[in-house]
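Contents: one structure, followed by commentary.
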Amino acid sequence: MPDPRPTPVPTSIDVSGVPRHVAIVMDGNGRWAQRQGLPRTVGHGAGEESLLDTTYGALSLGVKVLTVYAFSTENWRRPVDEVRYLMNFNSGLLQRRSHELHDQGVRITFSGRRDWRVPKKVLHNMEASSELTRKNKVMTLNIAFNYGGRAEIVDAVARLVADKVPASKVDEKAIRSRLYHPELSDPDLVIRTSGEFRISNFLLWEMAYSELVFTEVLWPDFRREHLFEAVEEFQQRERRYGGLDK
Ligand code: IPE
Ligand code: IPE
Ligand code: MG
């Protein structure tokens, strides 16, 4: 079981320069299981401890927003049994873990399409966990579920049209304000596990200037120490936003 108590942050981390928003592509569950001769779904199950431990690590660091990619709009292409497992697993995880996250002051939010394919029971648990944790202020755990970066932009554009915004008023602010969670700010640091060097339709708009850290660690092996290492790497980077010096 992950220990919810704050861990001392390594002295190599500058606590005044911790990324405000960290986003993670939690990848490599299937390979983790297959390497042990187990069904892929065992890997998804094992990812639960990684998620909780990483969340506690983020709390120890003072991260304000942790966005995690749990199910993509493209993951529906997987075999029906795996999709069913993932729906039940994620729904169950919310039921099992919402209260302990609530006790830590974590607010749970979701990014993704709610009105497309997600079973009612899952939607119910999503709503229950956001409602329970609605007023929490310590950190936001934003779960990207049935999420696609392109779908998010498509949905924002559809809302622009529905709002009858004239072409002359279409600017970045108009689009941003129609994304799923514009108030969460853009991720400063995006981590992808499992040695894949791609974005896979995650936060396309929001990660325009994020620092990217890739690690070989498979998600079920990922723990808060790996988050700390990624933050150390982040702190070596110089962010320029297209300009010159800071
Ligand atoms: C990430 O692990 C979890 C989801 C995409 C739901 P994968 O299931 O993609 O695991 P690999 O990449 O096949 O090892
Ligand atoms: C991205 O991982 C989606 C999630 C982690 C939920 P995938 O495993 O689906 O991405 P690809 O297929 O390797 O690009
Ligand atoms: Mg994968």
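Counting starts at 1 for both ligands and their atoms, in listed order.
Here R113 does not pair with E152 in a salt bridge; the nearest charged N to carboxylate O distance is not below 4.0 Å. A salt bridge between D81 and R40 is absent, with no side-chain N of the basic residue lying under 4.0 Å from a carboxylate O of the acidic one. Taking a cutoff of 4.0 Å between a charged side-chain nitrogen and a carboxylate oxygen, R178 and E172 do not qualify as a salt bridge. Under 4.0 Å is where a charged nitrogen must lie from a carboxylate oxygen, and between E48 and R96 at least one such pair does. Salt-bridge check for D188 with R20: failed, with every basic side-chain N at 4.0 Å or more from each acidic carboxylate O. Note on R192 versus E196: no salt bridge recorded, every NZ/NE/NH1/NH2 to OD/OE distance being 4.0 Å or above. Using a 4.0 Å cut-off between a side-chain N of Lys or Arg and a carboxylate O of Asp or Glu, E238 and R240 qualify as a salt bridge. At a threshold of 4.0 Å, the pair E225-R223 does not count as salt-bridged, since none of the basic side-chain nitrogens sits closer than that to a carboxylate oxygen.
Counting atoms of ligand 2 from 1 in the listed order, those under 4.0 Å from a heavy atom of F71 are 6 (C). Near A70, meaning under 4.0 Å from one of its heavy atoms, ligand 1 places the atoms 6 (C). Interface of V25 with ligand 2, defined as ligand atoms under 4.0 Å from a residue heavy atom, comprises 1 (C), 5 (C).
Nearest-residue assignment for atom 10 (O) of ligand 2 (options S200, G47, G148; heavy-atom criterion): S200. Of the options R198, R192, E196, the smallest heavy-atom separation from atom 2 (O) of ligand 2 is shown by R192.
When non-hydrogen atoms are compared, ligand 1 lies under 4.0 Å from neither the backbone nor the side chain of L218. Residue contacts with ligand 1 for R35 are absent, since no atom lies close enough (heavy atoms, distance under 4.0 Å). Within the 4.0 Å heavy-atom criterion, the part of N75 lying near ligand 2 is the side chain and not the backbone.
Legend: protein N/O/S atoms lying under 2.8 Å from the Mg ion (ligand 3), waters omitted, number 1.
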Report task. Assess whether ring pair (Phe, Tyr, Trp, His ring centres under 6.0 Å) is satisfied between F110 and F145, documenting all intermediate values. Result -> CA-CA 7 Å; F110 296 91; F145 187 77; 7.3 Å; no
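With hydrophobic clusters built from ILVMFWY side chains whose heavy atoms lie under 4.5 angstrom apart, V83 shares a cluster with L123. Neither W205 nor L184 shares a network with the other; the hydrophobic side chains, linked directly or stepwise wherever heavy atoms of I, L, V, M, F, W or Y lie under 4.5 Å apart, form separate groups for each.
Among protein heavy atoms, the minimum distance from atom 5 (C) of ligand 2 is reached at M26 O, 3.4 Å. Among all non-hydrogen protein atoms, the one lying nearest atom 3 (C) of ligand 1 is N29 ND2, 3.5 Å. Nearest protein heavy-atom contact of atom 4 (C) of ligand 1 is R78 NH1, 4.0 Å.
Of the protein's heavy atoms, at least one falls inside 4.0 Å of atom 14 (O) of ligand 2.
Checking side-chain atoms of D163 against main-chain N and O of V165 turns up no donor-acceptor pair under 3.5 Å.
Residue contacts with ligand 1: L86 is placed with no nitrogen or oxygen under 3.5 Å of a nitrogen or oxygen of the ligand (distance criterion only). Note: no N/O pair closer than 3.5 Å links Y69 and ligand 2 by distance alone.
Taking the six-membered ring where the residue is Trp, the centroids of Y147 and F71 are separated by 6.0 Å or more.
Residue R40 places a heavy atom under 4.0 Å from ligand 1. Under a 4.0 Å heavy-atom criterion, R31 is not in contact with ligand 2. Ligand 1 does not have Q34 within reach: every non-hydrogen atom of the residue lies 4.0 Å or more from it. For G28, the heavy-atom gap to ligand 1 drops under 4.0 angstrom.
In this view, K169 satisfies the side chain to side chain donor-acceptor pair (under 3.5 Å) rule with no residue, not counting sequence neighbours.
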